[in-house]
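Notes to accompany the following structure.
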Amino acid sequence: MTKGTINISALRMIAVAMVALVMSGCISTKETVFTDKADPEKALEYRVELARKYIGEGNWDNAKRNLSLATEIDPKNAEVHEAFALVYQSTGEFELAEQSYQEALRLDKNFSRARNNYAAYLYSQGRYKDAQKELELVVQDTLYKGRPRAFVNLGLCRVQNFDPQGAEEAFRRALTMDRTNSIALLELAQLRYDAADYETAGRYYDTYRSVIRQQSSRGLWLGVRLARQQGDLNAEGSYALALQNLYPDSAEFEAYKRTL
């Protein structure tokens with residue numbers, strides 16, 4: 001596995017995984033007349049949900065407006081500060097994003113979703129050790145619904161921190177909770193390939209192929225190299241052709257061409 005390859009691909013994966021946790025669910029797009037003073041708790045929930053809907057649409061101004069109204073109702077609500085962090089992170093206001101994440105966790109140290117998203121932010125900034133520390137806390141929360149993804153993200157951090165053994169442990173833990181997690185399967189296949197354990201790498205890779213519709217460029221490039229180890233010219237040619245057709249501008253296709 002090349003360092004440049006995993007930086008780009010893993011970053012994409014972890015970003016997608018984290019945002020999915022926050023933006024899941026269907027929220028009405030209709031703003032209705034609502035008197036915040038009538039029922040503060042209900043009003044707060046409404047404003048936060050509406051802000052999340054606007055975050056999902058990339059409508060930052062309306063997201064901030066609703067979060068500001070939520071802050072007027074309860075300035076010490078951790079969910080409000082987490083949502084502000086997501087807005088600031090998306091608009092490139094990184095200092096404000098970090099402040100908001102830290103404030104959310106100060107107000108609720110057991111807020112695993114916010115800690116998970118804070119780890120995603122740290123990872124996106126290349127602060128892999130800091131991200132790993134946060135994720136090691138997240139995975140201890142046995143009631144957190146996003147725990148399988150958190151183990152995957154922890155594994156990705158450990159890869160970046162040059163801890164392949166720890167990364168494998170995290171990915172395997174993720175698979176015990178979600179046997180079809182394609183990220184964990186591909187990363188384990190890559191780690192086993194790097195360790196020259198081609199048989200085990202092949203098993204993980206075969207399972208990875210069975211749970212996805214279309215392989216990533218990293219998956220296809222790994223498939224090419226595994227096929228070479230097995231002397232399977234047909235499989236090698238098939239993966240190489242797919243890599244050329246689907247990802248002609250990828251770092252993996254460039255790496256493949258250098259081996260010809």
Check your understanding: Run the side chain to side chain donor-acceptor pair (under 3.5 Å) check on Asp178 and Thr180 step by step: do they pass?
Key -> CA-CA 6 Å; Asp178 178 9; Thr180 63; 3.0 Å; yes
**Study point:** CA sep, side-chain torsions, deciding dist, call: Arg203, Glu199, salt bridge (charged side-chain N to carboxylate O under 4.0 Å, His left out)
**Key:** CA-CA 7 Å; Arg203 288 199 297 269; Glu199 182 178 353; 3.4 Å; yes
Check your understanding: Relative to the ring of Tyr205, is the ring of Tyr239 parallel (under 30°), tilted (30 to 60°) or perpendicular (over 60°)?
Key -> perpendicular
Review point. In terms of hydrophobic clustering (I, L, V, M, F, W, Y; side-chain heavy atoms under 4.5 Å; direct or indirect links), are Leu175 and Tyr193 co-clustered?
Key: yes
Practice item. Return yes if a side-chain donor-acceptor contact under 3.5 Å exists between Arg47 and Ser68, otherwise no. Key: no
Check your understanding: Do you know which two heavy atoms are closest between Val138 and Asn116, and how far apart they sit?
Key -> CG2-N, 3.8 Å
Point to revise | Ala201 to Leu226 - nearest heavy-atom pair and separation | key: CB-CD2, 4.0 Å
Practice item. Give a yes or no on whether the backbone of Gly166 and the side-chain of Arg158 come within a donor-acceptor separation of less than 3.5 Å. Key: yes
Exercise for review: Say whether Trp60 and Leu96 are linked into one hydrophobic cluster, either directly or through other cluster members, by side-chain heavy-atom distances under 4.5 angstrom.
Suggested key: yes
Review point. Can Lys257 and Glu254 be counted as an ion pair, charged N to O under 4.0 angstrom?
Key: yes
Check your understanding: Is there a path from Tyr121 to Leu107 through hydrophobic residues (I, L, V, M, F, W, Y) whose side chains come within less than 4.5 Å of each other?
Key -> no
Point to revise | salt bridge (charged side-chain N to carboxylate O under 4.0 Å, His left out) assessment of Glu49 paired with Arg52 | key: CA-CA 5 Å; Glu49 287 187 352; Arg52 288 184 185 171; over 6 Å; no
Review point. If we only count heavy atoms from C-beta on, is the Gln165 to Asp163 side-chain gap below 4.5 Å?
Key: yes
Exercise for review: Decide yes or no for Asp74 and Val80: does some side-chain heavy atom of the first lie under 4.5 Å from some side-chain heavy atom of the second?
Suggested key: no
Check your understanding: So do the side chains of Asp249 and Phe253 get within less than 4.5 Å of each other, counting heavy atoms only?
Key -> no
Exercise for review: Take Arg65 and Asn62, measure what side chain to side chain donor-acceptor pair (under 3.5 Å) needs, and give me the verdict at the end.
Suggested key: CA-CA 5 Å; Arg65 179 174 62 81; Asn62 275 325; 3.3 Å; yes
Check your understanding: Using the benzene-type ring in the case of Trp, are the ring centres of Tyr128 and Tyr123 under 6.0 Å apart?
Key -> yes
Check your understanding: Leu156 and Leu137: same hydrophobic cluster, using ILVMFWY side-chain contacts below 4.5 Å?
Key -> no
**Study point:** Any donor-acceptor N or O pair under 3.5 Å, side chains Glu136, Gln140
**Key:** no
Review point. So, Arg147 side chain and Leu143 main chain: donor-acceptor pair closer than 3.5 Å or not?
Key: no
Check your understanding: Taking C-beta and beyond as the side chain, do Asn66 and Val48 meet within less than 4.5 Å on heavy atoms?
Key -> no
Review point. If we ignore angles and hydrogens, is there a donor and acceptor under 3.5 Å between the side chains of Gln89 and Tyr101?
Key: yes
Review point. Take atom CG in Asn245; do more than 12 heavy atoms of anything else shown fall under 6.0 Å from it?
Key: yes
Practice item. Grab the two heavy atoms, one from Leu222 and one from Ala189, that are nearest each other, plus how far apart they are. Key: CD2-CB, 3.7 Å
Review point. What about Phe151 and Phe171, are their ring centers closer than 6.0 Å?
Key: no
Check your understanding: Regarding Glu187 and Tyr204, is there a side-chain donor-to-acceptor distance under 3.5 Å anywhere?
Key -> no
**Study point:** For Ala150 against Leu135, the heavy-atom pair lying closest together
**Key:** O-CD2, 4.0 Å
Revision key, fill the gap. Which of Arg115, Lys129, Arg127 passes salt bridge (Lys or Arg N to Asp or Glu O under 4.0 Å) with Glu134? It is Arg115
Review point. So Thr259 and Arg228, side chain to side chain donor-acceptor pair (under 3.5 Å) or not? Walk me through it.
Key: CA-CA 11 Å; Thr259 67; Arg228 284 178 178 174; 3.0 Å; yes
Point to revise | Heavy-atom side-chain proximity of Glu82 to Phe111 below 4.5 angstrom | key: yes
Practice item. Mind listing the closest non-hydrogen atom pair of Ala184 and Val152 along with its distance? Key: CB-CG2, 4.1 Å
Check your understanding: Does any non-hydrogen side-chain atom of Leu243 lie less than 4.5 Å from one of Ser217?
Key -> yes
Check your understanding: Is the closest basic N to carboxylate O distance between Lys64 and Glu93 below 4.0 Å?
Key -> yes
Review point. Out of curiosity, does Val211 fall in the hydrophobic cluster containing Ile183 (side-chain heavy atoms, cut-off under 4.5 Å, transitive links)?
Key: yes
Review point. So do Glu98 and Phe94 actually touch side chain to side chain, heavy atoms under 4.5 Å?
Key: no
Point to revise | Derivation and outcome, salt bridge (charged side-chain N to carboxylate O under 4.0 Å, His left out), residues Glu168 and Arg192 | key: CA-CA 9 Å; Glu168 286 195 43; Arg192 285 292 83 207; 2.9 Å; yes
Review point. Looking only at atom types and distance, does a side-chain atom of His81 sit under 3.5 Å from a main-chain N or O of Pro75, one as donor and one as acceptor?
Key: yes
Practice item. For the residue pair Tyr118 and Gln102, confirm or rule out a side-chain donor-acceptor distance under 3.5 Å. Key: yes
Practice item. Give the C-alpha distance, both sets of side-chain angles, the deciding distance and a yes or no for salt bridge (charged side-chain N to carboxylate O under 4.0 Å, His left out) between Glu169 and Arg172. Key: CA-CA 5 Å; Glu169 179 186 354; Arg172 289 196 183 105; over 6 Å; no
Review point. So, does Ser210 use its side chain to make a donor-acceptor pair with the main chain of Thr207 at under 3.5 Å?
Key: yes
Check your understanding: Any side-chain heavy atom of Val159 sitting closer than 4.5 Å to one from Pro164?
Key -> no
Review point. Which distance, rounded to the nearest 0.5 Å, do you find between the CD of Gln244 and the CD of Glu252?
Key: 14.5 Å
